[in-house]
Engineer: 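Here it is: the structure, laid out below.
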Amino acid sequence: MAKTYDCLFKLLLIGDSGVGKTSILFRFSEDAFNISFISTIGIDFKIRTIDLDGKKVKLQIWDTAGQERFRTITTAYYRGSMGIMLVYDVTNEKSFENIKNWIRNIEENASADVEKMILGNKCDLDDKRQVSKERGEQLAIDYQIKFVETSAKDSLNVEYAFYTLARDIKAKMEKKQEASNPPGARSGAHVLRASDQQRKPPSWLSRCSLL
Amino acid sequence: MTNATIQEIEGIDDYWGPAFRSVYEGEGGHEAFVQQLDERIKQHDKEIEKLCNFYYQGFIDSIRELLQVRSHAEELHAEISNVDANVKETTDSLCSRAEELIRARRVELNIAATIEKMELCLPLLTTYSKLKTQVDAKRYYPALKTLEQLEHVLLPRVGPYKWCSQISADIPRLRQAIQDASMADLRDFLENIRKLSPQVGVMALKQTQDMLGRSLENIVKNKKEMMGGLGKDNIGPQCPHELVDFSPLHRCLHIHSVLGAKNDFIQYYRAQRKQQARLVLIPAVGNLHDSIQGMKSYLSAVLGFFILEEHLLTTGAGLVSKDWLLDTWSMSVNKVASTLRTNTSLITDPTLMLSIKHQIMLCYGLPPDPLPPVLQEMAEHYTEVLMQRWVSVFRDILDNAAFLPIEVADQEQYDGVMDTFPYDGDELETQPFPRKFPFSTVVPAVYVQVKEFIYAWLKYSAGLGLGGGRRAAQARHSASLLLSRSFTGCLSALFRRPLPLMQLVQIIVDTQYLEDATSFLYEFISNITGSELVTTQAAGSMFQAARDDAEQQICNNLEKKVDEFLDLENYDWLLVEPTGQASSFVTDMLSYLSGVLTSLEQLPERARVAAVRAATNRIATRLRNLLMDPAVKQISSGALYQLDLDVIQCEQFAAGEPVPGLKEGELLEHFASLRQLLDLITGWDWSSYLHDVGIEGGKYALVTPRDAATLLEKLKEAEQKSSVFSVLKKNERDRRKLLDTVLKQLKQLQNQDG
């Protein structure tokens, strides 16, 4: 079966409730914007295939609920993620301050080499702005994370953010591959396992209980 | 002798014969006689001479005298001439005077005669001129009377003058002119009446409305207005028909009756009015359904027409007969009914319909036989229109709904919700703020709107003469129709676009609450209509269709998500060694599903079961399709084990009762055929398969020879590829042999079936 893509990146959107994570995702996946606010319940994902330096890259972007009560569900998705978008709302000081907490959250739950990016969303609402772009930059520099201000409503920098994150992930992957010498040709031998073992491999039980 | 003879001759006058004889025969012959004769003559001469001598003197004297007379005569003559001249002179002037006199006398006589004649003519002429002025002043009726007089009294009295004949010739012409003029007047009147009849109708409607709406309050208000408006002169027409000046009509009627054409006139009038009625009945504005104004003016025109006719029926001298009026009315009322029908059927504005209904109701006055059915039809149409109206209301509500449970932060908000929607909030009452209702804003909003609908619906049925019970029943029917048809329709429309899962769940929950609220709606209806509360059986299936739709959507939603996960599948079909871990897309998918299923806990059990069934079935089908995909030519046993591992993951999920209410092992059945296939291949259990094939309930009953063969071929392909250059060990050779045999057998079985 011919593969419809070259690689799959799992991305995660996190941030306080109402900062516009779903809107950003909606803008990126459907190129549309819906003014009404429907808070995400639990977790959802969207898939978009992008072309990155001639490679077809599938982005599976997980949209998490910002609300505290879904925190246990959402953290389970941190580990598998290759990139995380930290979103705050430039018109909401609190959501910006919480970015630090979210970063701590990532450090606790996600793999260490996960790519991160900070998005200051709703930059179209300049008259209600509470967090300056400079403070965003400052924070990003402090944590050595890339930063961009976005507007899901005006479709500003949304594509750019996802492409940037995807490109960074790709670069990191390629670097890793070079480092750990690419594996040689597959061994021609085929090994058959005893079939009775197959029914209850111990490995997946533990994985299931994670969920 | 001779002597004698002469004497004889002298003596005898005529008989001279014997004398002559004697002369001849006598003695001395004739000489003697001549002698004698001479002697005689001489004697006579002597005598004459003597006589002359004697008279001469006298003669002279006479002459002399004569001469004298002559001069006298001349003198006289002169004198007479003179006198004559004198007389002549004097009589000449006399004569001329006399002639003058005669002439004058004659003139005098003539004048007298003329005056006499003229005096006879004068009334004629004055009448004629009166006639003319009357005609000019358009006073046709007096003119006609004058004409009559002129013709029958005055004209015969006057002699046969030329001008008289002219006048008599003029009479028919004048009469015609009057008739024409009065006809023209009539036409003006008709035109006028046509213009006015809508106003008449409007006024009549207003009066009827006033009368109908005569409540104490209104009367008091009117009184006050009267008091206030006392100063102003308020002498408008009191009756609608006073708006119209009927005098031209009556004049015309009189004129025509004088002319002896009364019947013709009545015929003409009726025909014209009928014509007008037809015109009135065709709405002036093309589309009455555009505005109430059009409909109002139409109805008032019709109404005005008949008010005026009815007025004429009571006042007009037979101009309008009852029969004719009823005839026209019945003709019209059908037309009106059909016009209303066609026009109202296009109306989409309920308030407009309502006011039209009011207008029609007010029009009741003449036998309205066909109108109640029209009103009934309109009622139905009105309900339709209302439903359509509310469809958009619902659509609005749904479009703007977030489908999130209502959360209230304080008592005020809480009371706000509780006031609009009957909810048994005992449990909620005790909870601290913010309290959360189980339903979304849609529920109270729709509930309120249904109430509004009922109000609007009842507005129409008011005054239709329906009993409270019937009204209530119909209202109930309409309300439940609104919910079960219109609202459900809106919901269905909502489902046409993809909705987030949570919204779908909320919709199902919401419909449940709305359904529970119908009994309150019925109570509300019976309160309004004052009828007994009818406890109908709970319309439990009112929104079942919508719920089914929502459930279907939820299923579709989950299936789509499953598809998305499976699209991420990246099996290496030539995998040598399975990783020992399930593929990440499978673990992601299963954790996603269990997350989603837990968040569906608000859903009725049935829906959750359906959702999980749909999802599992989809997973099983997709995984199986992966194996059978013709594009995958080779499958190594490593890859097969990897897939087997993934399927086991899914089976674990299915067996773990992800939602309550499932039958034991029910979900696993979706994987049964895949499981049997995998077991068969991985367990290399061909002998029992081939033995049991075709037997019901066999261990591999769900595996068709074709599927088994297909998968085996793929496996064989992969093995051949991996071992092209290596030397086969003995057991491998046996295995290859067995594989070929099995394949052959399977092919045979396939052919048998085929």
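Just so you know, these numbers come straight off a predicted model, no measurement behind them. Proteins get letters first, then strands, A, B, ... in listed order; numbering begins at 1 in each.
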Engineer: State plainly whether the residues A:Lys10 and B:Asp588 are in salt-bridge range, i.e. N to O under 4.0 Å.
Structural biologist: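 Here A:Lys10 pairs with B:Asp588 in a salt bridge, since their nearest N and O are under 4.0 Å apart.
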Engineer: CG of B:Asp567 to CD1 of A:Ile47: how many Å apart, nearest 0.5 Å?
Structural biologist: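 Reported value, rounded in 0.5 Å steps: 7.0 Å.
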Engineer: How long is the span from the NZ atom in A:Lys46 to the CD atom in B:Glu564, to the nearest 0.5 Å?
Structural biologist: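 With rounding to 0.5 Å, NZ (A:Lys46) is 7.0 Å from CD (B:Glu564).
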Engineer: B:Tyr592 side chain to A:Phe45 main-chain N or O, any donor-acceptor pair under 3.5 Å?
Structural biologist: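 Not confirmed, B:Tyr592 side chain does not pair with A:Phe45 backbone.
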Engineer: Nearest 0.5 Å, what's the CD-CZ distance between A:Gln60 and B:Phe565?
Structural biologist: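 With rounding to 0.5 Å, CD (A:Gln60) is 5.0 Å from CZ (B:Phe565).
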Engineer: Does A:Glu108 have more than 12 heavy atoms from other residues, nucleotides or ligands lying within 6.0 Å of its CD?
Structural biologist: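 It does: A:Glu108 CD has more than 12 such atoms within range.
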Engineer: Quick one: CG on B:Asn570 to CG on A:Asp6, what's the gap to the nearest 0.5 Å?
Structural biologist: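 Between atom CG of B:Asn570 and atom CG of A:Asp6 there are 11.5 Å.
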Engineer: With only heavy atoms counted, which part of A:Leu8 is less than 4.5 Å from chain B, the side chain, the backbone, both or neither?
Structural biologist: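 It is the side chain, since no backbone atom gets that close.
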